[in-house]
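Structure, as structure tokens:
Side chains are part of it too, since the values below use all heavy atoms of this structure and drop only hydrogens, waters and symmetry mates.
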Amino acid sequence: MQKLKIRGGRRLVGEIRASGAKNAALPILCASLLTAQDLRLTNVPDLADVRTMLKLLEGMGVKVVREGDAVVLNAGALTSTVAPYEFVKTMRASILTLCPLVARFGSARVSLPGGCAIGARPVDQHIKGLRALGATVEIDHGYVDATAGRLKGARIFTDMVTVTGTENLMMAAVLAEGKTIIENAAREPEVVDLAECLSRMGARITGAGSPTIEIEGVESLHGAEHAIVADRIEVGSYLCAAAVTQGDVIVTGCVPHDLEAVTMKLREMGAEVVTGEDWMRLRMTGRPKAVKIRTVPHPGFPTDMQAQFMAIAAVADGVSEITETIFENRFMHVPELERMGAHIRINGNTAVVSGVEELEGASVMATDLRASASLVIAALAAQGESTVDRLYHLDRGYERMEEKLRALGADVERIRS
């Protein structure tokens, strides 16, 4: 078991570069199933989830060649349309193989997904949309079994805003006969990035990034080259680390527009944030101020940044209120922050955080991906030594975090217990 050992109290200063977005890379890797030609991707992050997805695709017969941050995939000679439980149990994004397989090959058998235990994330909207496109879908012993001839375009209204649901149905619709309209679509930048990649492959998509996406199906897609968008959650996490340590950090290779809701809250907390075309700089010169936050779908404040802001609120001047509206179990990091001296009271789906002047180092345990980042951020601000256990959560979404933090002056090392 690996841990991070962090000796806190150091001000972060310097410059780092953003990695590609996990949540954009995973659906785009699955998009390789939609063509028999090469799909070449760059800026692909080296993360546990990405490696798992590549193993899953290779198990289906996709040829995968990785060189640095580039990956070339070819699904011209697929041998299986099954995504087995052994892969899907650790990564719910594996459900994103469902629609491309049905769209191109006419059948798929995909295990129901696992992933972080942050709350219910059902796949009913994926199934509802696929059925609307003409597929027969059944649940059989923990697997989704889907079959179809060529899918038919349809108007789909999702009952809730779902990012992976929107992405899956987009990949089904690009090869369907006729027009598909997806209403109540997710607007996240990762959805837009998938649409841009599919368009490079020959898809006809308009409206990505808005609540209504229109897709005119085509007979087939071709190969293409695409660069994965920067990870806005990773960028936001490093900005939070700079804020909590009263540091001065520049992050390059990012898309500032994608972080406007996060930037606004950081400024409310007293940070100076300056942005350029592809860089952001945060400087904090005093103790952070308390803030009110409510998570909502994009372009609102992202649920994936809630835990990181709670770490800042733990040492802010005043009382912060953080309301989580997306996932019901996303306060599991609270007991661990309390081990470091944070004062947090949970009232339903709202956390009331009374800031303390400083946190104390402690041994803590990550419960999910973003919770692990919040504990690292808190440890950077704490006095004394902390250890963060269960790093496999962190490694699912943050590429070489300890190296990037050391580049900013943090005293952090990866150890084996």
Side-chain angles (χ1 to χ4, degrees), residues 2 4 15-32 39-58 62 64-73 87 90-94 96-97 115-116 163-164 167 188-194 196-197 200 224-241 249-256 258-259 262 278-280 302 304-305 307-308 366 368-373 376-377 391-408 412 414:
Q2 294 186 339
L4 280 189
E15 180 179 311
I16 55 173
R17 183 171 181 81
S19 298
K22 171 183 82 83
N23 289 339
L26 296 177
I28 291 174
L29 290 172
C30 294
S32 66
L39 177 62
R40 185 175 190 274
L41 306 174
T42 58
N43 202 34
V44 180
D46 184 18
L47 300 169
D49 274 11
V50 169
R51 292 191 292 270
T52 298
M53 183 64 81
L54 291 175
K55 287 180 182 177
L56 171 60
L57 293 172
E58 284 183 307
V62 178
V64 177
V65 178
R66 179 149 199 172
E67 299 175 353
D69 75 346
V71 178
V72 179
L73 305 102
F87 289 107
T90 61
M91 183 186 63
R92 76 177 311 274
S94 303
L96 288 163
T97 60
C116 284
V163 176
T164 53
E167 292 165 341
E188 273 71 4
E190 295 78 18
V191 173
V192 176
D193 203 39
L194 173 61
E196 290 179 356
C197 179
R200 288 191 171 97
E225 183 168 341
H226 179 76
I228 302 297
V229 72
D231 193 327
R232 62 193 171 100
I233 304 303
E234 183 206 36
V235 174
S237 298
Y238 286 116
L239 295 180
C240 286
V249 168
I250 298 172
V251 184
T252 62
C254 60
V255 185
D258 291 345
L259 280 156
V262 169
D278 63 351
W279 59 269
M280 302 182 72
D304 279 354
M305 287 301 305
Q308 298 90 313
D368 61 72
L369 170 55
R370 304 309 171 185
S372 64
V376 171
I377 291 167
L391 280 195
Y392 56 85
H393 287 298
L394 189 78
D395 292 339
R396 288 185 52 232
Y398 291 90
E399 185 176 32
R400 298 186 296 275
M401 177 178 259
E402 70 275 16
E403 294 179 21
K404 292 187 177 184
L405 288 173
R406 281 199 295 268
L408 298 174
V412 53
R414 185 179 290 251

Could you go through the side-chain contact (heavy atoms from CB on, under 4.5 Å) check for Y398 and R370 one step at a time?
-> CA-CA 10 Å; Y398 291 90; R370 304 309 171 185; 3.0 Å; yes
Could you pull out the closest heavy-atom pair between P256 and W279, with the gap in Å?
->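 Scanning both residues, the minimum pair turns out to be CG-O, 3.5 Å.
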Working for side-chain contact (heavy atoms from CB on, under 4.5 Å), residues V255 and D278 | CA-CA 5 Å; V255 185; D278 63 351; over 6 Å; no
Mind checking what makes side-chain contact (heavy atoms from CB on, under 4.5 Å) contact with [X], not counting sequence neighbours?
{"X": "I250", "result": "E15, T252, R281"}
{"X": "A24", "result": "A21, E190, D193, I228, V229"}
{"X": "T164", "result": "R92, L96, H126, T162, E167"}
{"X": "L408", "result": "L12, I16, V249"}

Counterpart residues, salt bridge (Lys or Arg N to Asp or Glu O under 4.0 Å), relative to [X] (two or more places apart):
{"X": "E225", "answer": "R40"}
{"X": "E402", "answer": "R414"}
{"X": "D258", "answer": "none"}
{"X": "D46", "answer": "R51"}

Residues that [X] engages under side chain to side chain donor-acceptor pair (under 3.5 Å), provided they are two or more places apart:
{"X": "Y238", "value": "none"}
{"X": "E196", "value": "none"}
{"X": "T97", "value": "none"}

May I ask you to say whether E234 pairs ionically with K22, meaning some side-chain N is under 4.0 Å from a carboxylate O?
->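 Here E234 does not pair with K22 in a salt bridge, since their nearest N and O are not under 4.0 Å apart.
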Just do the side-chain contact (heavy atoms from CB on, under 4.5 Å) check on H226 and I28 with the steps written out, would you?
-> CA-CA 9 Å; H226 179 76; I28 291 174; 3.9 Å; yes
Could you go step by step and tell me if L39 and V72 meet the side-chain contact (heavy atoms from CB on, under 4.5 Å) rule?
-> CA-CA 6 Å; L39 177 62; V72 179; over 6 Å; no
